[in-house]
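To find a chain, count down the sequence lines: A is the first, B the second, and so on, and within it residues start at 1. Reckoned from all heavy atoms, side chains included, excluding hydrogens, waters and symmetry mates.
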Amino acid sequence: MNEIAAADQIGFPILSTMVVLPLVVMVVLAFLRDQRALRPVALAGALVELALSLALVARFRTGGADFQFAEQLPWIDVIGLSYHLAVDGVSVLFLPLTALLVVLVMLTSWSSVRYQPKAYLMTILGFETVAIGVFAAVDLILFFVFWELLLIPTYILIKVWGTGAGRSRAALKYVLYMLMGSAGLLLGFILLGVNHRDAAGSGGELSFDLLVLMDDTVPPGTQTTVFFLLAFAFALKAPMFPFHSWMPAALLDGPIGMAVFLAGLKMGVYGFLRFVMPLVPDAFATWSWLIAVLGVVAILFGALVALAEPDIRRLQAFASVSHVGLAMLGLASLDVQGVQGALFLVVSLGVTSTGMLLAAGFIHHRVGSTDIAALGGLAQRAPALATFSLVACLSAIALPGTIGFPGEFLVLLGAFRADAWLAGFALLTVILSASYVLVFYERAFHGPVTSPVVDAVKDLRPPEAIAALVTGLVICAFGFFPGALLETSQESVRVLVERLDPPADERAGGG
Amino acid sequence: MNGLDLAAIAACGLPLLAAVANGLNALAAGRFYGPAAVSRVAVAGVFGSFAASVWVAAAMTRQDGPHEIVVYRWIASGDLAVDFAFLVDELTVVMMLVVTAISWLVTRFSVNYLHNEPGFSRYFTIVPLFVFAMLVLVMADNYLLLFLGWEGVGVCSYLLVGFYRGRKGAAQAGTRAFIMNRIGDAELLLALFLLAVHTGSLQYGQVFAAADSLPSGALTAVCFLLLLGAIGKSAQLPLGTWLAQAMEGPTPSSALIHAATMVTAGVYLVVRSSPLFDQAPTALLAVGLVGALTALYGQLVGYVQTDIKGVLAASTTAQLGLMFVLAGLGLYTVAIFHLVAHAFYKSYLFLTAPSILHHLHGGADPAVIRRPAHAAPVLSHLVLATAVALLALPLLARGLSDGEQVLASNVWAVTALGLVSVFSVVFVTARMVAVGFAGHGAHEDDAGSHEPGRGGRAALRRLIAPLAVIVLLVAAGRVAGILPGGIEGTWFHGLLDEVAGVGAALPAGNPVMAGLFIGALALLAVSGIYGARFLDRFRDELPAGAAQPMARRLYWRALDRGLLDENYGRALVGPTLALGRTLRRFDRRVIDRATGASAPAGRPSGAGADWESRFATVRRAHDAGFVTLAEPPARLDWLPPVATPTGRAAAHPHGVGEHVRDVTTAISPRAEHREMGDAGVVERAETTVARFTEGFERVVFQGSPERGAGFVTNAIARTVEAVERVVFQANLERVVSGLSSGIARFTEAVERAVFQSGIERGLHHAGTVTQRSLLTIESRLGQPLVMGGLLVVVLAVLVAGTR
């Protein structure tokens, strides 16, 4: 695997800048005395970060599968660790996505966060640093460190700023779940590093560099072991059925500002794309049938439960389970369109589920509940909120012309090519998602106004309206012009899928 | 980029621009411009689109063949590349003209109709958006872009059906229409996948070129799937029930979407895909069969409807069915001609409906109107005559003149169809005349009219003005020799022949399907006669006779629309929802319990409860904006406060910020308080870790309870204490008992889920369903269907004899 240094492309270590910038803003906030300046300063920091990420995408060279903007510093030489950051077509879009979500969360903090806003903003910025690190790290252990650090801001955000009574439990549950996978993840990484040393013979050295390890040949037995260790960790994070149990809890009881990241940044699926597929391709291809079947089960299970779910945040959690199932089905199709569709789907879901959750947050802030029984007739009191929610809802049901469509279409197309029957079942999501989303929309926004709380609801306020408008614009713009996003991942995905090509006999039985 | 390209893009883009402008204005609560300008923008956008369409049509005549306009690359992945591109050929031009012309008239008409309605801006945002989507649908150069328009019109229809937001029924109807459409859309997507996999493209030209090399099974499958998509959009059986409910929307939008344009998209899809259908005769016959059955259904339902829009919706269903029949016979040009004629004719009827309603105080039930005896206005006679001529003549002419050329069965079919069509049209139109125009004369009351200040007649005249334009257009068409169209030798046929001409000879297709098709047409004929004789709501009670109970039963069946909706509810929607609820229970009881219970609704309990109860009060007060800390706390701000809440906050736990209620206070009756002994494994671990973290937090962050004690000393002391508590207090016995009881619960829950809810209920269900279906079958025997069946046999013998 080749890489292009950041110095050749943009002249400064942009990835490190992006990792460090939120930390700097965080420190500035800590020393800020004026309470009114908190939010503008934090927002400005988030906007600079977003601008940096956009510059990154603008300078990104499409048409090749190389890692770009690379920067590498020695870290612990003895065991071959290095501080190594780089992005390729698989990961580059996650950086602007993360930066965008942070901006949106900052915008909504004006109205939704009253308790200790300074600490809240600082925690969000801390989260941003770590999340950017997760997406930019190409050294396995460095990635692992960021991956684990992620738990700290998440735990704090859910526990302290959660909106539900079960927030403490939800926070704990989340952390416990993640820790369950972490041990295996680390073990899997170490196995790969050791394998690299052993493969090189007597003079071999440990290495945990993704770019180095990708060129190794890993024996089948090790591949299977590593596959299951890694897959388990990433499946927990994704969350993949049946390991999704933390998600409804975290979304219902956690704050919207955190839910946006939990549902929006599908790091589990990213983990599959980034590590599992390139590092243990044969095992992935062999076991893809399992992933595909679990994916289809998740699609149907999530959608059906969402159909029966009366609370929009839990509904969104199960919708998320369903969508992750779809993305996993795309990965398991071992087909260029399926995998690229899954990647696009994951990025687009970041925007879509953020839209849904922001809408839920706006509703919760106004009505004090996101339960369907407390709503009804909102559209008459808050037309702008209703319009924004509708756009997010339509994107969630993958309407053509919204950002949700290209991903779902390509995933289903790839899956159809791999296995028509599984794809046929997965296609039910087209009907089921429309059912649960629109039935919710109808019951929350239409009909007569019955509750006095709803009757007194005010429409979106300026910062909220800006967040809504930006989300809506992104949803529509990339629905009509998805080409720019698809182009970035074209080559990387092609190379990735070529490596997956399993022996012909296994392919026949594979998902 | 030449003039044609620009015109085509303008035709598509102008309504979109209008929609965006009006939409932004509506979102800003009309801050940019007022309602008058809103309607002007919408009308201008749609009219501009119409003008551009005329330009395209004019430029098209100078072109040799179909013209392709690539705007940009839309989606590209792997070897599949789909452009945002338009295809301009004769079929497109015809559809563009119909869509834009009717849209323009309807938009203009709506300006008065929706005057002073609350959602005025919203309406004039959605209608141009609809025009955009519909134009994308008919102008698309590939199936995926067609799908964009296809879904776009569905959304606009959804929005307009649910236009009156305060009404519960309207929103439900909109949702139901959209979901039923989605069922068809899923199949359409499947067809797209099949095409993409087998031909490697979705572009019409490439797909049609590769159609020959497709395996015939795949081709037939594609055609059947396309048909299913068309069924959803065009409200054909068995997905057709949404159309009647869609009448909840404002009447002009019903005229535009649910009569003239959107619902005909299915017919367009079939005709556009005619190169595929021509090679899949079985699918083509299925098109005809579906159409015939739907026509039958629509006709029966139409006879007994008692409100004007109901009559119109049923008649639309029937007419769409006839278009499908025509397409199924391979008479694509006739089908498109029928589409055009029907668009104008039906939107005319729809646009008169509101004025009639307005003049009748909204008394929509013709049963309360005096039965008209005579003296329908001249205009209505004219409409009647034109409509009959339009619809019947081409069919009859085709059937009689081309008898030798086409297969015998088609002669029969077309003749029967012609008869039916005459009956249906005469009957429905006569009812409209009876309900509307005559009734108007009898009720000279203007209180229901829209603008109380003006005379009702003046208002009526203003409403009729755009309608007169339609009539004039039709008349002009007749004079110019375009009408009657579709049959060979006419201008219309010549125009469309290249795009979707009739195949040299109609293939026979599957004999079973052909038999069914003939049977359905026969039933249609029977119902035409039967219905007209016995089912008229206005008819005086017949003397008791043999036919009477049968007629009554049929009448009731037709009145509740064949119970289709109810049966769907019972067979599909109910079980799906029940499955969802079961899975939700399963998720909560089995998965959550196995992996650690999720947060119970209501009071904090279990791990972290202490922390929660201390923390919640103060944070709630914060959220309500009551407590403002005099100075920021020295250490990390987010910590659970040790101090008791201030007196003020305690006195006003909710305060003025009532809307920022904390869910913590909501005590659910279902709150589960379970002993920790019953907990699952993970929950158990959760508690342990919770204790530890709590201790840890207290140690590190909260610092010393006694001031002056050193931080480090304290930390060590507390850590020791915490470790002590964790290690010694959590005794092994409880862990084991927790584990075993957790597993026991798990098995129990699984048992309950699998055996009780699954098998037992399943057996019960199966028994009930069998019993019920037996009863139904028994009661159905001896109904008019038997008569129809006999006729099928006769027809089949006849057809066999002719061959």
#### Entry: Nearest atoms (heavy-atom pairs only) where Arg182(B) meets Ala398(A)
NH2-O, 3.9 Å
## Note on the structure
Turns out that what part of Asp79(B) lies under 4.5 Å from chain A's heavy atoms comes down to both
### Query
Side chain, backbone, both or neither: which part of Leu145(B) has an atom under 4.5 Å from a heavy atom of chain A?
neither
### Message
For Phe425(A), is the CZ atom crowded, meaning more than 12 foreign heavy atoms sit under 6.0 Å from it?
### Response
no
### Task
Heavy atoms only, distances under 4.5 angstrom: which of Leu307(A), Val175(A), Leu412(A), Asp311(A) has the most pairs with chain B? Name it, please.
Leu412(A)
### Task
Could you check if a side-chain atom of Gln380(A) sits within less than 4.5 angstrom of a side-chain atom of Pro118(B), using non-hydrogen atoms only?
no
#### Entry: Under 4.5 Å from any heavy atom of chain B - which part of Thr387(A)
side chain
### Query
Could you walk me through whether Leu427(A) and Phe193(B) pass the side chain to side chain contact (heavy atoms under 4.5 Å, CB included) check?
CA-CA 11 Å; Leu427(A) 199 64; Phe193(B) 295 153; 3.9 Å; yes
### Query
Does the ring centre of Phe147(B) sit less than 6.0 Å away from the ring centre of Phe409(A)?
no
### Message
Please classify the contact of Arg167(B) with chain A as side chain, backbone, both or neither, using a heavy-atom distance under 4.5 Å.
### Response
backbone
### Part of Leu428(A) lying under 4.5 Å from any heavy atom of chain B
neither
### Message
Working to the nearest 0.5 angstrom, can you tell me the gap between Arg381(A) CZ and Arg165(B) CZ?
### Response
11.5 Å
### Gln337(A) versus chain B, the contacting section by heavy-atom distance below 4.5 Å
both
### Query
Relative to chain B, which segment of Phe480(A) carries a heavy atom at a distance below 4.5 Å: side chain, backbone, both, or neither?
both
### Query
When only pairs under 4.5 Å are counted, which of Phe318(A), Phe445(A), Phe416(A) shares the most heavy-atom pairs with chain B?
Phe416(A)
#### Entry: Contact origin within Leu485(A) toward chain B - heavy atom pairs under 4.5 Å
neither
### Summary
Output for pair (Ser77(B) OG, Asp335(A) CG), nearest 0.5 Å, gives 8.0 Å
### Summary
Among Ala303(A), Ala465(A), Gly483(A), Ala379(A), the residue with the most heavy-atom pairs under 4.5 Å to chain B is Ala379(A)
### Query
Would you call Phe405(A) and Leu144(B) a side-chain contact if the rule is heavy atoms closer than 4.5 Å?
yes
#### Entry: chain B contact via Phe478(A) - which portion, at a heavy-atom distance below 4.5 Å
neither
## Note on the structure
If one checks every heavy atom of Leu394(A) against chain B at 4.5 Å, the contacting part turns out to be side chain
### Query
So, the side chain of Trp74(B) versus the backbone of Pro482(A): is there a donor-acceptor pair under 3.5 Å, distance only?
no
### Query
So which heavy atom on Gln490(A) is nearest to which on Gly78(B), and how close?
NE2-N, 3.0 Å
### Query
What residues form a ring-ring contact (aromatic ring centres under 6.0 Å, His included) with Tyr158(B), not counting sequence neighbours?
Phe178(B)
### For Tyr72(B), all residues meeting ring-ring contact (aromatic ring centres under 6.0 Å, His included), sequence neighbours excluded
Phe481(A), Phe84(B)
### Message
Using heavy-atom distances under 4.5 Å, tell me whether Ala484(A) contacts chain B through its side chain, its backbone, both, or neither.
### Response
neither
### Query
In terms of heavy-atom proximity below 4.5 Å to chain B, should Glu487(A) be classed as side chain, backbone, both, or neither?
neither
### Message
Taking every non-hydrogen pair under 4.5 Å, which of Val336(A), Leu399(A), Val339(A) racks up the most with chain B?
### Response
Leu399(A)
### Task
Over all heavy atoms of both residues, which pair between His446(A) and Gly162(B) is shortest? Give the atoms and the distance, please.
CE1-O, 3.4 Å
### Query
Which bit of Leu486(A) comes within less than 4.5 Å of chain B, counting heavy atoms only: side chain, backbone, both or neither?
side chain
### Message
Between Thr175(B) and Glu442(A), is there a side-chain donor-acceptor contact under 3.5 Å, judged purely by atom types and distance?
### Response
yes
## Note on the structure
Pair count under 4.5 Å, heavy atoms only, with chain B: among Pro406(A), Ala30(A), Gly447(A), highest is Gly447(A)
### Summary
dist Ser435(A):OG -> Arg176(B):CZ (nearest 0.5 Å) comes out at 11.5 Å
### Task
Against chain A, label Val155(B) side chain, backbone, both or neither, depending on which of its atoms sit under 4.5 Å from a heavy atom there.
side chain
### Message
Between Leu410(A) and chain B, with a heavy-atom cut-off of 4.5 Å, which part of the residue counts as in contact: side chain, backbone, both or neither?
### Response
side chain
### Message
Tell me which of these, Gln172(B), Lys168(B), Met180(B), has more heavy-atom pairs under 4.5 Å with chain A than the rest.
### Response
Gln172(B)
### Query
For the candidates Ile431(A), Leu300(A), Val457(A), which exhibits the highest count of non-hydrogen atom pairs separated by less than 4.5 Å from chain B?
Ile431(A)
### Query
Has Arg443(A) got more than 12 heavy atoms of other residues, nucleotides or ligands less than 6.0 Å from its CZ?
no
### Message
If you define the side chain from C-beta out and look only at heavy atoms, does anything of Leu189(B) sit under 4.5 Å from Leu413(A)?
### Response
no
